[in-house]
Trainee: 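Shown below is the structure under consideration.
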Amino acid sequence: MRLLPHELKPLLLTCKHNALISQIHALMVVSGLFSHGNSIAPLISSYAKVGDLKSAHKLFDKSPLRRVDSWNAVIIAYSKAEFPVEVVNIYNQMVLEGVKPDSSTFTVALKACTILQDLEKGEEIWEKVVECGYENDVFVGSSVLNLYAKCGKMDKAGVVFEKMQRRDVVCWTTMITGFVQSGKGREAVDLYRRMQREGMVGDGVVMLGLMQASANIADTKLGSSVHGYMIRRALPMDVNILTSLVDMYAKNGELEIATRVFQKMPFRNTVTWSALISGYAQNGFAVNALQLLIEMQLVGFTPDVASLVSALLACSDVGTLRLGRSIHGYAARNVIMDQVLSTGLIDMYAKCGLISCARSIYDRISSKDLICWNTIIACYGIHGQGREALTLFQQMKDEIEPDHATFAALLSALSHSGLVEEGRHWFDVMVNEYKIKPSEKHYACSVDLLARAGEVEEAKDLITSMETKPGLAVWVALLSGCHKHKKFSIGELAANRVLEFIPENTGTFVLVANFFAAAKIWDKAASVRKLMKMTGMTKVPGYSAVEVNGRLHAFLMDDTSHPQYEQIMGLLCNLENEMKAMGYVPKTDFVLQNLEEDVKVKMLGIHSERLAIAFGLLNTAPGTRLLITKNLRVCGDCHEVTKFISVIVKREIIVRDVKRFHHFKDGTCSCGDYW
DNA sequence: TTAGGGTTAG
C-alpha cells in the first residue's frame, strides 16, 4: 500500500509519537509537498501536540517560507505548554519581521500578557490590534477584557466592553467574573441582569461567577436561585461545580445546606473536603472543622495545604495550641511548607498566644508575599505591640507595595497600642502618598484610635469628613470611646446613630444599653433592653475557655454545674483576700446594671474568666503558663484582678479576648492597661 | 484556531 500526499495531513493529526511524525515529515519532503507551497503548520502542531516543542521550533526556524499559520502554530504551541515569556518573544519577532498577526496571534499574545500581568505590553498589543483592524473580533476582544480584568483595571475593561459591536457569552462572562474577582459582586450581578435583558443565556461558567458573587455579597437568595437554575437547565454538575456549590453555601453561613450538598455528591475530592472544612472554621464551628479533617483521613483522603490551613484557622479560633502544634507537625512531615501554610501557622501561633513562635516561622520564610507581611503586622497588633508592627511595616514598604489590608492592620495595631500621633500620620500617608481611598475599616480603626484616647471631638470630625455614608462600625467605635471616657453628649449622638442600623449583633445592642446605663439614663437603657427582647435577641452569654492537658474547658459566668466548682470558688476567695491585703479595690463601675454595691461585687467575682483561671491554676503544675480565650471583651475589673493573680501565683497568664491579647506577668499587662 | 472558571492565608 502506498500513501498519497493528500492522505498524509489527516494522518498527522492522529500521531501519538514524534518518531512517527518525523517519518511522515520525511515522506512529505520526499513527495515534494512543501515545494508546492504547502504549509509546515500542521507538522509544527503535531510535534507540539506530542510535547516535542524542540522539533517543532527547529522545523519552524529552518523553514524558508514562514506564513502566518506557521507563526501561529509555534506561538500556540508555546501557549499550550504554558511558556508565556516565549509567546511574547515570538510575537515580537513576528512583528519585527513584518508579518501581520491575525486573530489567533493576538488572542494568544494577549493571554500571555495576562498570565505575566504585563499590562504595558498588553496595551501595546491592543494598539496593534486596532491598527490591523481586529478590534471587533470577539476572541481578541474577550482576551483584552480578560487582560484588564486580571490586572484589576475593570474601568478600562468597561470602556472596551461598551464599545464592542458584538458580544458573545465569553465577553459577558469575562466582565462578570472580572467584577467578582475584584470584589465587586454587586456590579457582577447587575451586569448579569443586563445580559439577560439582552437575550443572552448564561452557561455553567457564568453560574460559577454568580456563585462567587453570592458568597461575596452574602446574598444567599442569589446563591440558591443559581443552584435552582442549574438544576432546571440541567447544566452539567461535575465534582468541581458541586464543590463550588458547597463552598458558596458554606461561605454564606448555610452550613446545613452545604453539608447536604456535600453528602449527596457521588464523588468528592480533597478540594471538596477543604471547602467544607473552611466553611465550618470560618463560621466559628471549629470543632466540626477539626472533626472533618479527621473524617477525611478515615475515608482515605490525604489533607493538602488548603485543608490544613483551614483546620489551623479553626485552632486559632478556639485557641487550642496542642491541636495547632500537631497540625504543624503533620504538615512538616507530609506537605511542602509554602507561603500559604507558613502564614496559616503564623496566625495560629500568634492567636494561641505564642507571638515568638509566630515570629520565628515568619523569619524563616525566604520570599514573603503581601499576605505574609499583612499577617505578621496584624499579629503584633492584636498582641498590643504597635511599635513592632510599625517597625515591620517600615521594612515592608521598602520591599513590597502595601495595600489596603496592610494599612487596616497597621492602623488597628497603632490603635491597640494607643499610638495616636503615629495613627494620624500613617492614615495621612495612606491617603496622600499611596492614594488608597480609606474604607469603612480604615475609618473605623482611626475613629477607634482617636476616641479611645479621649479625642472624641476629632473622631467625630473624621466621621463628618467621610465621603460615603458612615457605617455601623464607625459609630460603634465612636460610641465605645465615649463610653470609656464618659463623654455623654457625643456618645448619645453616636448611640442614636447605632440604633438606626438595627444592629444584628447582640453585642452592639449591649454596648448601647451599657452606655445609657453608664450615663445613668436608665429609661433609655431599659428601652433598648426591651427592644432587644422584642426583636428576639438575648445577650450572648460570655464564656471563657482554658486549655489544660490538651483539652479545652469552657466556663460560663457563675458556672455552678462544674464538678470542681467548690474548689474553684475556694481558690478565688483565698486569692481575693490576698489581693485585698495588697490594695485591690473592686471596680464596680464595670457592672452595668442598677444594683446594690455588694451585689455588684459578688457579680464581678463570678466572671467566667476568673473561673477559667482558677481551674487552670488548680489543674496544671506550678509555673505553667495559662492561655484563656474569651468570646467577649475582658472587663476592667477582671483585668486588674489578673494582674494581682500573676504576682501571687507567680505565673504568666495570657487572656485573649475578642479583640486582642493581654499578657500578664509579674503584676503588669502587655497592654499597659490601655485597651 | 485562538478567548471566560472551580478550595486555602488578610
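Just so it is clear: chains get the letters A, B, ... in the order the sequence lines come, proteins before strands, and each one is counted from 1.
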Trainee: Between C1' on B/dA9 and CG on A/Asp317, what's the gap in Å once rounded to a whole number?
Mentor: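 Going from CG in A/Asp317 over to C1' in B/dA9 covers 15 Å.
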Trainee: Is the distance between the ring centroids of A/Phe407 and A/Phe393 less than 6.0 Å?
Mentor: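 Ring centroids of A/Phe407 and A/Phe393 are less than 6.0 Å from each other.
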Trainee: Would you call the rings of A/Phe301 and A/Trp273 parallel, tilted or perpendicular, taking 30° and 60° as the class edges?
Mentor: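 A/Phe301 vs A/Trp273 ring planes: tilted.
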Trainee: Using a 4.0 Å heavy-atom cut-off to protein, can you give one letter per nucleotide of nucleotides 2-7 of chain B, 5' to 3': B if the base is in contact, S if only the sugar-phosphate is, - if neither?
Mentor: BBBBBB
Trainee: Hey, does A/Asp69 reach any base, or is it just sugar-phosphate, or nothing, if we go heavy atoms under 4.0 Å?
Mentor: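 Counting heavy atoms under 4.0 Å across all strands, no contact is made by A/Asp69.
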Trainee: Measure from OH on A/Tyr134 to C1' on B/dT1 and round the result to the nearest Å.
Mentor: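 It works out to 12 Å between those atoms.
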Trainee: Less than 4.0 Å between a side-chain N and a carboxylate O, is that true for A/Lys163 and A/Glu135?
Mentor: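 So A/Glu135 does not pair with A/Lys163 through a salt bridge.
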Trainee: Between B/dT1 atom P and A/Arg67 atom CZ, what is the distance in whole Å?
Mentor: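 Nearest whole value for this atom pair: 13 Å.
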Trainee: Would you indicate what A/Leu370 reaches in the nucleic acid, counting non-hydrogen atoms under 4.0 angstrom: base, sugar-phosphate, or nothing?
Mentor: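 Since a base atom lies under 4.0 Å of A/Leu370, the category is base.
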Trainee: Take the protein atom OH of A/Tyr380 and the nucleotide atom C1' of B/dG10, then report the distance between them rounded to whole Å.
Mentor: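 Interatomic distance, OH of A/Tyr380 to C1' of B/dG10: 17 Å.
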Trainee: How many Å lie between CG on A/Leu410 and P on B/dG10, as a whole number?
Mentor: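 One finds 18 Å between P of B/dG10 and CG of A/Leu410, rounded.
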Trainee: Calculate the interatomic distance between A/Asn283 atom CG and B/dT8 atom P; express it in whole Å.
Mentor: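 So the CG-P distance, A/Asn283 to B/dT8, works out to 12 Å.
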Trainee: Given atom CD1 of A/Ile400 and atom C1' of B/dG10, what is their separation to the nearest angstrom?
Mentor: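 Atom CD1 in A/Ile400 sits about 13 Å away from atom C1' in B/dG10.
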Trainee: Quick one: do A/Asp363 and A/Arg359 make a salt bridge, cutoff under 4.0 Å?
Mentor: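 Looking at A/Arg359 together with A/Asp363, the answer is yes, because their closest N to O distance falls below 4.0 Å.
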Trainee: Could you tell me the separation between the CG atom of A/Leu345 and the P atom of B/dT8, rounded to a whole number of Å?
Mentor: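 The distance from CG of A/Leu345 to P of B/dT8 comes to 18 Å, rounded to the nearest Å.
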Trainee: Taking only residues two or more places apart in sequence or in another chain, which ones pass salt bridge (Lys or Arg N to Asp or Glu O under 4.0 Å) with A/Glu124?
Mentor: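 Listed in chain order: A/Lys121.
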Trainee: Look at A/Lys251 together with A/Asp247 and state whether they make a salt bridge at an N to O cut-off of under 4.0 Å.
Mentor: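 Yes.
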